[in-house]
Amino acid sequence: MDRSFPDGFLFGAATASYQVEGGAKQDGRGPSIWDTFSHTPGKVKFGHTGDVACDQYNLYRNDIALMKNMGLQAYRFSISWSRVMPSGRGAVNAKGLDYYRRLINGLLEADIQPWVTLFHWDLPQALEDDLGGWRSRETSGYFGDYCRLIASEFGDLVKNFMTINEFVCFTDAGYCSPGQVFAPGVTLDYKGRNQVRHNALLAHGLGVQAIRDAAPDAKVGFAENPTICVPVIATEENIIAARTAFREKNAHFLTTVLEGQYPDFYLEEQGADAPDFTDADMKIIASPVDFAGINLYLARHVVADSGSGRGYRILQHPASYPQMHAPWIKVSPEITYWAPRFLSEIWGVKAIYLTENGCACDDVVDQSGEVNDTDRIFYLRNHLYQALRAAEEGIPILGYFCWSLLDNFEWADGYTYRFGIVHVDFETLKRTPKLSSEYLRQVISANRVL
Ligand code: PNW
């Protein structure tokens, strides 16, 4: 049986600006909320910061060569808003734009498609200071302006844009207790949180519109990490329950973007804390996207339960549930089948990219200089099989991006978790491709799961 990935299936790797670039003060970059947060004692493990990270700002040519060796067909990276607009609005930093032009051209010369994320959490600090960051809808407007700038600068070279990466990680986790684990580390009440969520959705919609306007040939989507509800045992009734749970547990982000309105049950549930919004806002949020990007990390296991009121119940992970090197990376490859299936069944999504999938491993460089991360290969292989399973059933999965190209700054965990398929020595910045990068190279070349 031919078990190849469909023709044109795209294989890539992903990173994000603050996690890999470094060059925090180079060439006129303005500070972002992650610079401030990581420099605030107690916020990031061991006081680690992204000041240098992998120094991709200076070593990007090297990284492009690594990708080329692996046969990667696409590189998903994010633009640092404050590198190109140091205050988040107004003045543009030409040197910042030059960097991304060099990176994009370098990728194209290596035959690697640039996939650009506009926002991967590093909000310009000036917008936080002057406007309250995502607490203000003015920030959403400025995000639209920034997207227009990027799309008009690079729309001739970049054909795929993602507005926002993972809504929950900079809204709830940044602005609401018990979140406040991520920048800016503010504690709002639920009303405030819901308004932050709304402003982020509005920013997405404004971003879609601006990119369409300025780069009419480009495709626009998002990269979201939904709460991935899967049937714990795939009986018909559990599948129905998991599908219902998938829509409901993502009510405030994915469901609202794809349905163009807040589901009634969400507004009812939030009651007096529901966000303030207008019909015009919802029209903007409803702007059609060309593709849905989903980041895949862990499952929520669902059983049908008619007594629960909503028809489903989510099971806790038992203490012995298998996990990778970070406790929240539960081994659940079936998400890579169910998430695309539900996107297609619930909302009829016609183009799905798996914009992130990967895991942290306790990687060591051995005496011969090798990193034999057989555990990461195990992890990736299982997910790739599930991607193939979905594709074979006709679910429109068009590509897969591994998180991450490089070990990098893992947010509040600093450099303690390694997600790369390439090892980085953070003292010397030396890159060492791990065995998993060879695995991916062979998979891409064979276009099959190996
Ligand atoms: C993603 N969770 O974040 C981000 O897009 C990356 O920047 C990050 O490095 C990567 O995953 C690995 O952590 C997530 O708790 C953070 O479910 C937390 C969760 C999921 C994704």
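All ligand and atom numbering here is 1-based and tracks the order in the structure. As the structure is a computational prediction, the values presented were derived from the model and not from experiment.
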Write 'none' if nothing qualifies; otherwise put on separate lines each N/O atom of ligand 1 with a protein N/O atom under 3.5 Å away and their distance to 0.1 Å.
from	atom 1	to	atom 2	distance (Å)
ligand 1	3 (O)	Glu166	OE1	3.0
ligand 1	5 (O)	His120	NE2	3.2
ligand 1	5 (O)	Asn165	ND2	3.0
ligand 1	5 (O)	Glu166	OE1	3.4
ligand 1	5 (O)	Glu166	OE2	3.2
ligand 1	5 (O)	Glu356	OE1	3.0
ligand 1	5 (O)	Glu356	OE2	2.9
ligand 1	7 (O)	Gln19	OE1	2.7
ligand 1	7 (O)	His120	NE2	2.8
ligand 1	7 (O)	Trp411	NE1	2.9
ligand 1	9 (O)	Gln19	NE2	2.9
ligand 1	9 (O)	Trp403	NE1	3.2
ligand 1	9 (O)	Glu410	OE1	2.7
ligand 1	11 (O)	Tyr297	OH	3.1
ligand 1	11 (O)	Glu356	OE1	3.4
ligand 1	13 (O)	Glu410	OE2	2.5

Exercise for review: Answer with yes or no after comparing the ring centroid distance for Phe182 and Trp121 against a 6.0 Å cut-off, counting only values under it.
Suggested key: yes
Review point. Considering the options Lys219, Arg212, Lys350, which one meets the salt bridge (charged side-chain N to carboxylate O under 4.0 Å, His left out) requirement together with Asp290?
Key: Arg212
**Study point:** Qualifying residues under side-chain contact (heavy atoms from CB on, under 4.5 Å), relative to Ser287, sequence neighbours excluded
**Key:** Val208, Gln209
**Study point:** Glu259/Arg247 ion pair, N-O < 4.0 Å
**Key:** yes
Point to revise | ring-ring contact (aromatic ring centres under 6.0 Å, His included) partners for His325, two or more places apart | key: Tyr417
Practice item. Name all residues meeting the ring-ring contact (aromatic ring centres under 6.0 Å, His included) criterion together with Phe426; count only those two or more places apart in sequence or in a different chain, and write none if there are none. Key: Tyr415
